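Since the structure comes first, as structure tokens, the remarks are kept for the end.
Both counts, for ligands and for their atoms, begin at 1 and track the order of listing. A quick note: this is a predicted structure, and the numbers were derived from the prediction, not measured.
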Amino acid sequence: MTQQASLILRNVHPWGESVTRDIAVVAGRFAALEPGMTAERTIDAEGRLAVPGFVEPHIHLDKVLIVDSVRPNVSGTLTEAIEIIWERKREYEVREIAERAGRVIDAAIGNGVTHIRTHVDVDSIGGLRPLQGVALARERYRGFVDIQIVAFPQEGILRNAGTEALLWQAMENGADVVGGMPFNEASRADSARHIQIAFEIARKFDADIDMHVDETDDPQARTLEMLAEQTVANGWQGRVTAGHTCALAGYPDDYANTVMDKVAAARIHVITNPATNLMLQGRLDRQPKRRGITRVRELLERNINVSFGQDCVRDTFYPFGRNDPLEIALLAAHAAHMSLPHQIEQVFAMPTVNAARALRLEGYGLNPGDRADIVVLDAKNAAEAIRFQPPRRWVIKNGRVVAETTVSRKLFLQAE
Ligand SMILES: [Zn+2]
């Protein structure tokens with residue numbers, strides 16, 4: 001007897017393939033469409049482009065949408081952004097965090113995001129409330145979007161007494177990934193110890209690591225090299241992600257090459273956050289001002305896995321953001337000077353296959369046996385998707401339609 005499908009998608013154009021095809025969903029996984037197969041619902045994609053869900057690999061759901069309830073960041077710097085949050089973080093309540101996170105998750109789902117990795121602050125100011133708030137939101141959205149939580153010691157581990165114990169507790173209470181901010185310590189020795197502590201925790205919980213690394217213009221920052229060395233020393237190759245890595249762009253080329261070789265050897269995933277870093281970095285420069293984003297093209301040339309994140313949505317770091325990977329793709333293409341056809345394809349790989357690799361997602365793809373997550377876009381190809389940032393016509397998670405968007409526009413151009 002022919003298998004019954006829950007959903008059949010006809011005339012889908014999978015990104016990277018040359019022709020359209022039909023795809024079936026059976027028991028939450030993609031399956032080959034067999035003759036005579038029927039489904040509860042059939043969608044005709046009419047040749048539209050499809051990807052296996054956008055992956056948001058770097059966001060701070062605990063901080064989103066606080067910009068209107070704090071004083072303004074007058075200097076526009078990372079340092080002031082962090083200081084302003086101290087005041088707000090003391091007043092955090094678990095339900096209020098979950099509610100703010102939820103509003104941004106709604107937007108993400110509508111934009112085709114099927115997986116999110118979020119950092120949550122873990123420190124002596126907010127304790128574990130950011131984790132508890134985001135974990136509550138994760139529960140509410142279970143089945144609609146998958147969320148990984150990173151325990152993020154933004155205030156440093158050694159310079160913020162009590163944080164190490166809180167990190168261990170966070171990992172026991174719902175965090176999946178060990179975070180870090182090693183540049184935010186008082187000395188290089190403390191930065192190295194910060195990274196070492198993260199590995200101690202990661203080894204105990206068999207967890208991946210995802211750190212904020214050298215989010216500074218300071219060419220003296222050295223924590224990316226330290227992270228690469230400790231990754232190899234701990235045998236954690238392929239399980240470590242470095243976010244931001246802005247200082248890499250400020251290094252002289254010879255030292256930058258040395259560091260990138262070590263990053264490649266450690267198989268570290270790099271996540272650039274162009275929206276936030278274009279806004280924050282280079283603030284104290286006179287002209288010419290640095291662009292603030294890492295060496296994206298040089299990293300890619302070394303076959304280092306690079307993706308990008310939204311990072312911030314209306315917080316003290318960044319006043320905009322609508323959690324749309326296509327908006328960040330457009331920014332990334334500009335900031336990293338990626339304009340050629342193959343470079344535009346590389347940009348489109350970032351919030352899809354590259355981010356999925358960084359998060360080590362199982363079954364990410366549109367082939368039989370893969371998880372039935374798929375986004376159908378009102379676009380013919382990647383360049384068009386980035387250019388127009390069109391509606392995500394259907395967003396499907398675990399084989400279920402979780403969002404549909406249509407936009408109607410009328411032009412009245414007839415002469416009277
Ligand atoms: Zn971040």
Side-chain angles (χ1 to χ4, degrees), residues 55-67 73 76-86 88-89 97 100-101 104 108 113 116-123 126 130-131 134 147-157 167 170 175-184 194 198 208-217 221 223-224 227 240-249 268-281 292-294 296 306-321 323 325 327-328 331-332 335 350-351 355 358-359:
V55 179
E56 169 53 71
H58 186 124
I59 192 167
H60 296 261
L61 288 175
D62 54 334
K63 294 175 180 142
V64 295
L65 307 177
I66 62 170
V67 73
N73 181 351
T77 59
L78 177 81
T79 308
E80 187 174 347
I82 289 174
E83 288 171 5
I84 296 168
I85 290 183
W86 294 341
R88 185 68 171 75
K89 200 152 46 176
I97 296 168
R100 282 188 288 104
V104 171
V113 174
I116 295 173
R117 177 181 279 183
T118 177
H119 297 254
V120 296
D121 284 12
V122 174
D123 50 54
L131 167 65
V134 172
I147 300 178
Q148 296 181 1
I149 299 179
V150 185
F152 172 44
Q154 178 175 266
E155 312 298 337
I157 299 176
L167 285 172
D176 309 287
V177 177
V178 183
M181 178 90 158
F183 186 68
N184 195 12
H194 179 120
D208 290 355
I209 288 177
D210 188 337
M211 293 196 178
H212 283 60
V213 179
D214 295 340
E215 188 176 2
T216 170
D217 296 312
T223 66
L224 182 55
L227 181 66
V240 175
T241 295
H244 298 286
T245 71
C246 306
L248 180 63
I268 286 177
H269 310 280
V270 174
I271 296 176
T272 185
N273 297 299
T276 305
N277 288 133
L278 282 169
M279 195 61 93
L280 291 177
Q281 307 308 128
I293 79 153
T294 195
V296 173
V306 181
S307 55
F308 60 68
Q310 170 73 56
D311 198 13
C312 301
V313 176
R314 291 189 56 69
D315 57 19
T316 56
F317 302 81
Y318 185 70
F320 308 116
N323 218 342
E327 179 178 79
I328 307 301
L331 287 171
M350 292 182 188
L359 269 58

Look up atom CG in L331 and atom CG in N273, then write down how far apart they are to the nearest 0.5 Å.
-> 11.5 Å

Calculate, to the nearest 0.5 Å, the distance between atoms CG and CZ belonging to L280 and F317 respectively.
-> 7.5 Å

Residues forming a ring pair (Phe, Tyr, Trp, His ring centres under 6.0 Å) with Y318, sequence neighbours excluded = F320

Can the ring centres of F308 and H58 be said to be less than 6.0 Å apart?
-> no

If you leave out waters, which protein N, O or S atoms are less than 2.8 Å from the Zn ion (ligand 1)?
->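 Checking every protein N, O and S atom gives H58 NE2, H60 NE2, H212 NE2, D311 OD1.
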
Quick one: side chain to side chain donor-acceptor pair (under 3.5 Å) partners of N277, sequence neighbours excluded?
->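 Result, side chain to side chain donor-acceptor pair (under 3.5 Å) vs N277: E215, H244, Q281.
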
Please list, chain by chain and in numerical order, all residues satisfying side chain to side chain donor-acceptor pair (under 3.5 Å) with R117, sequence neighbours excluded.
-> Q148, D210

